[in-house]
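Written out below as structure tokens is the structure these notes cover.
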Amino acid sequence: IAGITQAPTSQILAAGRRMTLRCTQDMRHNAMYWYRQDLGLGLRLIHYSNTAGTTGKGEVPDGYSVSRANTDDFPLTLASAVPSQTSVYFCASSDQGLAGVGEQFFGPGTRLTVL
Amino acid sequence: QQPVQSPQAVILREGEDAVINCSSSKALYSVHWYRQKHGEAPVFLMILLKGGEQKGHDKISASFNEKKQQSSLYLTASQLSYSGTYFCGTSKAGSYQLTFGKGTKLSVIP
């Protein structure tokens, strides 16, 4: 593994189904993030984790949950998918320094379609 | 609150210059700039901290005006490889999260 990886690359999901998007980084970064990207809306933060064992809500957390059991992994779960969750999902990680949030490294993204 | 980027889109010919602006109504601690090519993940360009500093990266530079709560990205003598969508991300003091703007789509044509 080099950098940050996401799985699956893409997925078509029936509404009401449960889905977990996986994210793994090997850079030993403290912080990890989940964003969704929709056309014309930019990147919107769903959930974040400043360090292993802690998580927080971003701008659009409803319908999503996360966990951070260790430094490397940060899965995003959709408990019961709805069509409005159709989007491209990016996971990112960064170091945190005295100056606050550092450079964010993004994974390749997961394209999710909910029908 | 999401920062406001302007313009939303711009088309340039190779060799021309461009300025992309990012404004916030809230006090900012840092501004990040990222570029995303079609179908790819965003890639980091630079970070600016409050204090009005200016940074450069090849022919791409940026400034941060703390009083105006605004950052500007300057692309000089644009190349075809500069095409993509540029996003600014802002953070407040003590925060480790970024709020991104909606992006500016830059197209450089021969």
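Order of the sequence lines sets the chain letters (A, B, ...), proteins ahead of strands, with each chain counted from 1. This one's a predicted model, so the numbers in the text were calculated from it and none came from an experiment.
The parts of A:Leu43 that come within reach of chain B are both its backbone and its side chain, each placing non-hydrogen atoms under 4.5 angstrom from that chain. For B:Gln8, no part sits under 4.5 Å from any heavy atom of chain A, backbone or side chain. The contact between A:Tyr35 and chain B is made entirely by side chain atoms (from C-beta outward), counting heavy-atom distances below 4.5 Å. Using a 4.5 Å cut-off between heavy atoms, B:Gln36 touches chain A through its side chain atoms alone.
In this structure the side chain of A:Asp38 reaches within 4.5 angstrom of the side chain of A:Arg36, judged on heavy atoms. Looking at A:Tyr64 and A:His47, their side chains come closer than 4.5 Å, going by heavy atoms from C-beta outward.
No single ILVMFWY cluster, assembled from side-chain heavy atoms under 4.5 Å apart, contains both A:Leu112 and A:Leu115.
For the set B:Gly39, B:Ala41, B:Ser95, B:Ala93, the entry with the most heavy-atom pairs within less than 4.5 Å of chain A is B:Ala41.
For the residue pair A:Phe74 and A:Thr55, the shortest heavy atom distance occurs at CE1-CG2, 4.2 Å. Among all heavy-atom pairs drawn from B:Tyr96 and A:Tyr33, the shortest one is O-OH, 2.7 Å.
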